[in-house]
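Written below as structure tokens is the structure these notes are about.
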Amino acid sequence: MAEDSDLEKTEPASERKLEQARESGDVPRSRELATCTILLAAGGGFWVTGEAMLRQLNHMLSAGLTLERAHAYDFELLSARIAGSVGDLLLAFAPFAGILMLVALASPMLIGGWLFSTDALQPKFSRLNPLSGIANLISKNSLVELVKAVGKSVIVGTVGYMFISRQMDAVLGLGTESIKNGTAHLGHLMLSTFMAIVGGLVLIAAIDVPYQLWHYSHKLMMTRQDVRQEAKESDGNPEIKAKIRAQQREMAKRRMMSEIPTADVVVTNPTHYAVALRYADGKMGAPRVVAKGADAMAARIREIAAEHGVPTLEAPPLARALFQHAELGDQIPETLYTAVAEVLAYVFQLRSFTKHGGTRPVLPEELDVPPQLDPHNPAAIAAALQKLTPAASTDISTGTGAPATPENGTTK
């Protein structure tokens, strides 16, 4: 069942897949919207420029019916006149054609945007497969196109019938008007009917645009396996990345182990934590952590320290605080300066005693470690739980549900 769910297209298309589809020329398009906008622009453009255009055409018609004798016997003059008439005709239609061209170029911006791709021009022999053609004829998309065609026919027929039936008296009265007035009135009726029918097509476009957007997103949906495969291709194989991270951790571990012989002291828990510190007077602003580890790593740090004669000091609260709040290679926190200073002072005195003799230094017992820095201190646990759930900290304060601490159980 899990494998079947991974093969079902349940995930939305990723940005990469949308980009690949766009590069191949596949973007959402609505032919109904493009047709509707161009027809509206044609009607509006004719409404604005129609009078001037008809006046210019009337003038050209009158001039074209007049022919001078010289033009009839001179081919060059006749050619120049015909060229001038064609030029006047183009100028007459230029505003109307310019409006249509601008709308045709701007209509793709309404859905999908402009797209220039040569992939759609490349021949695909799969389109010649008759089985694919038959499948397309009975597909869901073909059914939708059939419904849209029927809807357009019904809307155009209904709107046209209603508008013309209301203007029937005006149509019948055209025969009683003069040629000039009747022609103008007929043009007005035709333009009004055209705009009413195009206005009805707006309903089809308003339904088709959301459908095309849904159909496009549904078509590009991905399976979970596709998502994982894309993640591998874009971000790299997780198994390879895990191996690289493991190698990086191993290299960092080896570098850390090589720094232990240079440490001045190793502070231990005594068994669960170990933190190696180094301090060079005049070269460092504060002691630095050169190595740290827990459990097996802590045991290995102690072994290397013993092999190279690095002193080890058991200070559980300080070891836990350093392990929790000091990063490898960084200086220790300022709040631990006093405790670490006592430890280093003991180590340097012990080193001097070993070389020159004298009074053996006293091992520090009570180090000044702030309770809130010790992760196993009840006060630090209560403060941490207070940030997560106030109820948990209440249990700590009342003694119920308290985690294991040095007072109530075994700790690391």
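What you are looking at is a predicted structure, and each value in this text was computed from that prediction instead of being measured.
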Where the side chain of [X] meets the backbone of [Y], is there a donor-acceptor pair that is under 3.5 Å apart?
X      : Y      : answer
Tyr216 : Arg29  : no
Asp264 : Tyr279 : yes
Arg302 : Thr271 : yes
Lys148 : Glu32  : no
Arg278 : Arg288 : no
His325 : Pro333 : no

In this structure, are over 12 heavy atoms from other groups packed under 6.0 Å from [X] atom [atom1]?
X      : atom1 : result
Glu334 : CD    : no
Glu15  : CD    : no
Lys253 : NZ    : no
Met162 : CE    : no
Phe323 : CZ    : yes

[X] with [Y]: basic N within carboxylate O range, under 4.0 Å:
X      : Y      : value
Arg255 : Glu259 : no
Glu303 : Arg300 : yes
Asp226 : Lys17  : no
Glu19  : Arg22  : no

Taking all non-hydrogen atoms of both residues, which atom of [X] and which atom of [Y] are closest, and how far apart?
X      : Y      : answer
Ile260 : Ala305 : CG2-N, 4.0 Å
Leu367 : Ala315 : CD1-CB, 3.7 Å
Ala274 : Val266 : CB-CG1, 4.1 Å
Gln331 : Gly285 : NE2-N, 4.0 Å
Leu313 : Pro364 : CD2-CG, 4.4 Å
Met257 : Met297 : CE-SD, 2.9 Å

Approximate separation, where rounding is to 0.5 Å, of [X] [atom1] and [Y] [atom2]:
X      : Y      : atom1 : atom2 : answer
Thr312 : Ile301 : OG1   : CD1   : 10.5 Å
Leu40  : Thr35  : CG    : OG1   : 10.5 Å
Thr268 : Leu318 : OG1   : CG    : 10.0 Å
Ile197 : Thr158 : CD1   : OG1   : 10.5 Å
Met251 : Gln247 : CE    : CD    : 8.5 Å
Asp26  : Gln20  : CG    : CD    : 11.5 Å

Check against side-chain contact (heavy atoms from CB on, under 4.5 Å), Leu322 and Lys292 | CA-CA 9 Å; Leu322 288 171; Lys292 71 173 186 177; over 6 Å; no
Hey, does Glu11 have a side-chain heavy atom less than 4.5 Å from the side chain of Thr223?
->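 A side-chain contact under 4.5 Å is absent here.
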pair Lys152-Leu201: side-chain heavy atoms closer than 4.5 Å |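 The answer is yes; the side chains approach within 4.5 Å.
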When the ring planes of His188 and His185 are compared, do they come out parallel, tilted or perpendicular, using 30° and 60° as the limits?
-> tilted
Pair Arg320-Asn269, side-chain contact (heavy atoms from CB on, under 4.5 Å): steps then yes or no = CA-CA 7 Å; Arg320 293 192 295 262; Asn269 191 34; 3.1 Å; yes
List the steps, then state whether side-chain contact (heavy atoms from CB on, under 4.5 Å) holds for Leu39 with Phe194.
-> CA-CA 9 Å; Leu39 291 178; Phe194 176 80; 4.0 Å; yes
Going through the checks in order, is the side-chain contact (heavy atoms from CB on, under 4.5 Å) test met by Ile332 and Val289?
-> CA-CA 7 Å; Ile332 64 172; Val289 177; 4.3 Å; yes
Pairs of donor and acceptor atoms involving the side chains of residues 335-345, under 3.5 Å and at least two apart or interchain, shall be tabulated with distances.
none

Under 3.5 Å, sequence neighbours excluded: what are the donor-acceptor pairs made by side chains of residues 93-108?
unit_1 : atom_1 : unit_2 : atom_2 : d
Ser107 : OG     : Val103 : O      : 3.3
Ser107 : OG     : Ala104 : O      : 3.1

